[in-house]
Amino acid sequence: MPRRIEARGRVQRSAIGAAVVLFAGALSACGSTSSSGSTTASKPFTVNWAVNITSLDPAFTCPGDENSFASNFYGRLVKLSTNETSPGITQIDPDPSKVQPDFATKWDVSDEGKTYTFTLQSGKKFDNGDPLDAAAVKYSLDRTLKIGACGALSLQLGITQPPLITSVEAPNATTVVIHMRQAYPALLYSLAQSRGSIYNPKEIEAHGGVQANSPNQWLQSHTASSSGPYVLSEYVPGNHAVLTRNPNYYGTPALEPTVRVNFVTAVPTLQVQAQNREADVTLGLPPQVVKNLSTQACCKVITADSPTPVTVSMNYQGELTNNAKFREALTYAVPYTDIINKVAYGYGDSYYGPIVPGMAGYKASLEPARTYDLGKAKQLMAESGVNSPTLNLMINPTAPGVSDIATLLQSAWQQIGVTVNIDAKPPADFTTLFNQGKYQSALLFENSTPIGGYELRKKLTCDAPTNNQHICIPGTMPLLDQLNNTADPAAQQPIVDSLVQKWLENSPTIILYRAKFTAVVSPDVKHFAYAPNFRLADWGR
Amino acid sequence: MTESNASTMTIDAANAAPERDTLLDVRGLRTEFQTARGRVAAVRDVSFTIRRRQRLAIVGESGSGKSAMAMSIVGLIQPPGRVTAGEIRLGGTNLRELSDRKLSEVRGGRISLVFQDPMSAFDPIRTIGSQMIESIRVHQSVSKRMARRQAADLLGEVGVTDASSRLSDYPHQYSGGMRQRVLIAMALANSPELVIADEPTTALDVTTQAQVLELLDRLVTDRGAALMLITHNLGIVAGFCDSVKVMYAGQLIEESESRALFASAAHPYSRELLKCVLRTDRRQEGLLSTIPGTLPDPTQPFKGCSFEPRCPLGKGNPLCQGVEPPLATVQGPHGVQLAKCHFAGQLELKEDQ
Amino acid sequence: MLNLILKRFGVAAATILGASLFSFFLLRKLPGDPARLVGGELADEQTITSLRQAMGLDSPLQEQFWNYITSSFHGDLGFSYTIGQPVSELVRTRLPATVELGLTGVATAVVLATVFAAIAVYRKKKGADVSLRIASSLAMGSPPFWLALVAILLLSVNLGIFPGPEGRLSPSLLPPPTITGLYTVDSILSGQFGTFFDALRHLILPALTIAVGPFAFLSRLFRSQLRNTMREPFIVVARSRGLLRGSVFLRHAVPNSLLSLVAATAMLLAETMTGSVLVEKVFGWPGVGSLTVDAILQKDFAVVQGVILLSATLYVTVSFLADVVYVVVDPRIRAGAK
Amino acid sequence: MAVAVAEAPITVARRRIVKGDKVLVGALGGLALIALIVIVGPFVWHYDANATELTAQLSAPSAEHPLGTDNLGRDLLARVLTGARTSLGAGAVVVIAGAVLGSVTGLLAGALGGMVDTVLTWLTNSILCFPSIMLAMAVVMALKPGIPAVVIGLSIHSFPWYMRTIRGEVMRIAALDFVKSTNAIGASQGRILFRHIFPHLVSTIVLQMAAVFGAAVLSLAAMGFLGMGAQPPEAELGAMITEGQQFFLTGQWWMAAFPGLVLLIAVTLTTVIADRARELLDPRGEYIVAD
């Protein structure tokens with residue numbers, strides 16, 4: 001009998017084989033879906049965070065989120081006090097006078113307020129066993145000052161020319177003395193923030209040491225041991241980090257033994273994982289997603305007032321934008337409520353002034369919210385003498401919501417005869433052009449510190465590198481000098497008020513709204529704290 | 001399309017050969033191609049028989065339908081081609097009624113084919129051995145090892161030296177002549193009753209042609225198979241085949257014993273063909289291109305004789321233009337001949353006019 | 001033969017050099033200043049100057065290029081200031097993800113394309129062929145990122161069959177020990193079958209999305225190649241030897257036609273490895289593609305430069321490998337190469 | 001000889017189109033319809049693509065807004081129409097620019113040979129090392145995000161194919177007798193190129209353009225999706241999918257669905273056309289020869 005090759009059969013069999021493989025895939029998919037839900041007990045506390053971390057070194061890096069993340073690995077001399085706003089949920093109090101002891105058990109201030117002597121806890125160690133002592137504190141502060149840029153600037157609250165801190169001494173293992181050029185109690189606030197972090201000198205010296213005005217490359221993706229509540233046990237930049245509890249931490253141990261932080265910028269991912277309760281905390285969701293999740297059983301939304309205004313910065317010296325009436329006219333032609341309700345989905349509020357509500361120095365009576373008043377806006381336009389102008393609005397469209405707001409402003413300002421040309425720039429160009437002051441107007445999500453004086457100094461000092469709007473109002477410089485030399489907050493207030501007044505008269509910035517901080521947390525999360533630097537150690541189930 | 005009055009009488013019938021000797025009996029075979037410009041009949045109502053051990057030559061220009069006829073017989077006419085009518089009887093069975101599976105037992109088993117172009121007749125990425133073994137094992141239930149031994153023997157038989165090691169060689173490692181020998185070996189692997197050789201030597205040089213033909217001759221004789229040699233070269237037919245059928249525009253227009261044909265062809269076309277052979281013998285260039293004119297457009301229906309436009313005798317003749325000639329019997333000096341011509345039997349007369 | 005190899009090598013090197021040169025000068029013509037980016041919003045001029053020095057931006061362009069070429073020979077591709085890691089390290093951690101996705105995607109495409117094209121050509125009825133042509137035209141015309149979104153909405157959000165767009169593994173699972181860098185392979189090698197299934201589940205949707213384009217392309221190619229092969233004389237010859245249509249199809253037509261897919265598959269592989277940007281972005285896949293997008297928006301030279309170099313090298317290597325495959329698979333070329 | 005070969009298939013194709021290849025005629029008709037809608041639509045449809053209307057934020061498709069509205073209350077039909085015009089128009093520019101660039105360089109390389117040829121070949125080899133998207137991204141990085149940069153990048157990526165084909169063809173034809181004889185008569189080189197060589201390649205070039213068009217439109221959309229193509233508030237299909245992505249999972253599927261669907265239909269139609277055209281023009285197509 002001739003032997004035959006069963007060709008047709010073979011084709012069918014292979015097709016069936018392929019189908020079986022696919023089906024098996026689907027089956028296995030179903031199988032593990034059910035199992036993943038039940039393992040919450042052993043699952044690390046998971047934080048999904050819509051951020052790109054470029055550096056872990058608070059001594060150098062500028063962005064608030066990066067400082068926020070990095071601050072979890074380092075202890076500091078002092079800490080901010082907190083208020084419980086609802087059960088398990090706390091918010092910090094930015095008042096420097098309420099600063100609490102942390103690694104320092106106590107401190108003495110000299111009579112003229114220029115010298116701070118801190119007494120430290122003794123016998124403490126970094127997580128790798130190296131001694132955590134006064135020498136490390138001195139090394140850390142010196143390093144931050146030497147590297148310059150954002151670190152030194154923030155540590156000294158903007159007073160860098162000449163520097164506020166003249167020297168740091170460590171006479172013995174438990175004493176640190178900070179000498180300042182002038183009295184400035186707000187220093188305690190910055191020491192409590194990421195800039196006051198304590199690094200392990202040995203680690204840093206072993207990996208490139210300290211170079212003036214340059215970041216340390218190794219420290220961008222590593223930590224210099226850990227003096228803080230958590231140790232960075234795994235870090236994949238742009239992807240995730242695993243934090244484990246530091247057994248040598250001098251303070252209250254972290255709530256969770258292990259925290260996994262996923263850096264996810266894709267909104268759908270964040271949303272799906274929040275819905276599936278795969279993330280315990282989700283940070284940085286766009287407001288409409290937060291709104292959507294707030295109605296679902298998966299999620300609880302925590303909001304907090306944060307110093308994060310959304311503004312249109314006008315170039316004070318730019319053509320057209322140098323016209324104060326024109327700038328003021330624009331402020332009356334913004335549909336504030338629409339923006340807050342339809343773009344911020346209610347997660348925002350209104351005010352108008354240089355100091356964000358809740359900051360040290362803020363006075364509600366001075367900074368009432370602007371109203372939407374087209375009549376007034378048109379009248380101001382007429383007074384300004386500007387005729388059918390075109391305004392170039394620079395935006396970074398990769399930031400969520402920005403292009404929507406820009407589009408709304410375009411339609412809104414059209415009504416008072418202003419043509420808006422939306423100029424979209426990639427993030428890098430946006431930052432460069434903005435910092436160099438090469439723009440006419442720019443839409444941005446600001447992140448300021450809660451120290452009013454510092455913010456005023458940053459924004460109003462003529463020709464300062466931080467003054468990227470080139471604001472220079474006659475008569476403000478003497479006031480700023482006076483503010484710099486006034487240590488007592490109570491004595492500062494009248495000066496602050498006059499500066500605010502000057503700012504308001506000139507309307508250099510259009511403040512669209514203040515974005516609220518939002519975190520979407522799973523119902524399992526029992527403890528959550530909001531602070532400008534997120535303290536993950538205080539978060540837990 | 002005009003109905004041809006296909007004669008059911010063949011030369012074999014005319015010669016009254018015993019019925020039991022008939023191997024293949026083709027009746028009224030018609031093969032059509034569906035083309036963009038309409039249906040084209042490549043084989044038009046062809047009938048003939050092959051006896052056991054007979055050697056039959058089918059001669060014709062390229063495009064005359066010879067290959068299509070061969071492929072139709074084994075049911076391998078490729079779409080859009082299709083056999084639309086006729087019977088193909090091998091022994092008692094009509095091959096047209098067989099399933100493809102049954103038919104493929106015939107192909108390479110009882111009927112084998114040897115193709116024109118040995119270059120493209122092999123799968124280029126399989127060894128000669130594997131292709132031979134495959135052919136053997138399709139028809140015989142033998143082990144791989146046995147099949148390989150058989151293949152080596154066959155290769156030796158067709159004159160491939162060091163046969164067993166050359167089984168592992170790929171087709172491109174063989175010369176053209178050798179490939180043709182391998183093809184012949186494969187065709188004979190399963191002891192076929194009929195070998196259809198379609199232009200087996202066209203692609204080869206003259207010396208190799210002779211060797212290959214000689215080989216074919218020997219092997220076919222040894223195995224007692226019948227041979228159907230398809231060629232456009234009448235020159236190689238002489239002395240090799242018993243009888244010759246001349247094909248033109250899909251029809252058989254002359255059927256003769258080869259002695260008879262060479263002595264006196266009964267159809268004007270055959271005569272033209274013969275002239276070409278003679279001229280070639282006189283070392284002139286070109287084989288068949290010297291017959292003036294081309295084949296008729298197959299998409300147009302025939303009226304009258306298909307050869308009329310080129311016929312030195314009938315061109316312009318109203319009879320030839322209007323009436324299709326019947327297959328007429330001619331009693332020549334060397335036996336009975338059949339010719340599809342109005343002037344069959346009177347060619348000499350007409351030529352003299 | 002040695003000559004040929006050397007020549008090929010020369011062409012490959014010239015091509016990679018050309019690609020680097022092209023990208024280097026294209027990228028260095030940028031308006032933005034990378035030093036200012038690294039320095040951050042509050043950097044003063046002094047910081048900017050010293051940063052420019054540290055980043056090697058103060059030397060002449062041709063010197064920068066020379067430095068770049070020489071150091072890349074030592075595996076130093078520069079430092080990414082926007083991610084805080086050396087580029088070589090980034091590539092090392094990101095490439096396996098892309099390779100796993102690309103390989104799976106292209107392999108799926110090859111399998112589906114060959115199976116469906118083979119069925120379409122083998123079936124005598126027109127239906128299968130028409131369906132294949134419709135499917136491949138649609139596949140050719142569908143924007144992969146959109147398809148990914150739709151797939152996520154339907155299959156993972158609504159039906160929950162597949163995980164959401166969360167990368168390579170459920171966040172609760174630890175990646176398997178690195179052996180090859182491919183999670184599916186590593187998890188099997190280290191016996192973590194739970195991880196394997198999880199990695200597989202995460203891989204299926206992105207890989208299928210990746211496979212759509214190559215499937216369209218390959219199925220067309222394979223279909224027409226098969227049809228041509230089926231018209232080859234040796235196919236009829238094989239039939240005449242008594243093989244059934246199916247046997248001839250599977251044993252002769254398909255293997256011969258597969259040869260034509262090698263080069264195309266190789267090129268597709270190279271293309272998906274570096275061009276899977278969109279799918280990686282949508283699925284949150286931590287590969288080279290998503291790295292590239294961020295780097296371009298952040299004007300991170302070093303990374304873009306590194307990725308381009310990687311891409312060029314991949315292309316050249318893959319086309320070289322395709323040639324090697326031909327030599328191994330196709331006896332005619334193998335004989336020629338000897 | 002070569003003239004006859006190059007001309008014949010086009011005639012055949014024309015005849016077949018006239019005779020009615022249903023699929024081809026249907027696809028051509030469909031694409032023409034889309035082109036017409038996209039060109040005329042924005043003038044006819046009473047909504048403006050950029051007019052915001054916050055009270056109508058995120059409305060589902062209805063009689064008033066057949067495709068619904070987006071998160072700023074902009075009419076999606078108006079945006080899709082304008083967006084499709086942008087996408088398809090830019091795709092056409094890419095195709096034409098690539099063909100022109102490739103033809104010029106190909107003619108130069110083929111006719112001049114030597115150093116010019118070597119350099120151009122090296123350049124194109126290097127260009128082909130990148131996927132099209134990556135090249136477009138590099139150009140975007142060097143210039144600025146927006147459709148012009150993407151068009152430049154994609155054009156650069158698409159020209160090597162034309163260049164290679166034309167270069168090869170020029171070299172082949174230049175060796176033919178009739179060109180040599182024309183040369184002897186004293187016709188200038190340029191005349192030979194454009195009068196005698198170029199016409200042979202038209203069908204090949206047109207085919208390639210048809211095939212590239214779909215891919216170019218998709219790449220443009222992809223760049224828009226990545227935020228490197230069209231910039232807000234400009235309507236472009238890819239960018240609109242990104243805008244809709246955030247709302248896709250919160251239930252407002254229409255924002256991302258419709259732009260993608262339009263892309264899918266338009267590109268599929270061009271693919272079908274390119275396919276059929278290739279079959280008609282390819283001498284290896286479905287021609288049947290008896291015997």
Side-chain angles (χ1 to χ4, degrees), chain B residues 67 70-71 73-79 99-128 130-140 168-173 179 182-183 186-190 192 195-196 198 203, chain C residues 114 120-130 222-223 225-263 322-338:
Chain B
S67 299
M71 297 310 267
I73 291 172
V74 289
L76 281 183
I77 201 81
Q78 296 298 300
S99 65
D100 191 52
R101 179 169 301 240
K102 282 280 173 204
L103 193 55
S104 56
E105 285 172 21
V106 173
R107 288 194 287 254
R110 297 179 66 187
I111 303 178
S112 276
L113 279 89
V114 176
F115 287 88
Q116 177 176 359
D117 182 7
M119 302 289 182
S120 54
F122 291 99
D123 183 337
I125 61 166
R126 308 273 303 265
T127 60
I128 290 289
S130 87
Q131 297 185 52
M132 289 187 77
I133 291 165
E134 185 183 60
S135 316
I136 292 168
R137 279 167 47 96
V138 162
H139 294 284
Q140 304 169 31
S168 324
D169 280 353
Y170 288 91
H172 66 266
Q173 289 165 302
R179 260 182 283 206
V182 176
L183 220 51
M186 282 167 86
L188 293 164
N190 300 303
V195 176
I196 302 177
D198 186 357
Chain C
T114 47
V121 174
Y122 183 75
R123 296 258 159 185
K124 286 177 184 152
K125 294 266 179 343
K126 272 210 146 169
D129 195 45
V130 170
F222 193 56
R223 174 187 170 273
Q225 192 60 41
L226 260 182
R227 287 167 70 103
N228 285 337
T229 310
M230 284 300 276
R231 291 196 198 110
E232 293 278 344
F234 71 83
I235 295 295
V236 182
V237 173
R239 289 276 276 146
S240 83
R241 292 193 267 122
L243 269 71
L244 284 170
R245 187 161 172 271
S247 324
V248 173
F249 189 75
L250 281 183
R251 296 166 63 107
H252 297 286
V254 169
N256 270 283
S257 307
L258 277 176
L259 275 183
S260 70
L261 293 191
V262 174
D323 289 353
V324 171
V325 169
Y326 273 123
V327 172
V328 172
V329 176
D330 191 327
R332 287 162 295 186
I333 296 171
R334 197 189 315 152
K338 267 177 196 164

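Proteins get letters first, then strands, A, B, ... in listed order; numbering begins at 1 in each.
Interface remark: B:Phe122 contributes backbone atoms only to the contact with chain C (heavy atom separation under 4.5 Å). Proximity to chain C (any heavy atom under 4.5 Å) is shown, for B:Ser112, by neither the backbone nor the side chain.
Considering only residues two or more places apart in sequence or on other chains, B:Asp169 meets the side chain to side chain contact (heavy atoms under 4.5 Å, CB included) condition with B:Arg166, B:Gln173, B:Tyr174. Qualifying side chain to side chain contact (heavy atoms under 4.5 Å, CB included) partners for C:Val262, counting only residues two or more places apart in sequence or in other chains: C:Ala322, C:Val325, C:Tyr326.
With respect to chain B, the highest number of heavy-atom pairs below 4.5 Å among C:Leu259, C:Val237, C:Ile235 belongs to C:Val237. Most heavy-atom pairs under 4.5 Å with chain C: of the set B:Ser120, B:Gly108, B:Gly75, this distinction falls to B:Ser120.
The closest donor-acceptor contact from the side chain of B:Gln140 to the backbone of B:Val138 lies at 3.5 Å or more, if one exists at all.
Between atom CE of residue C:Met230 and atom CZ of residue C:Arg239 there is a gap of 7.5 Å, rounded to the nearest 0.5 Å.
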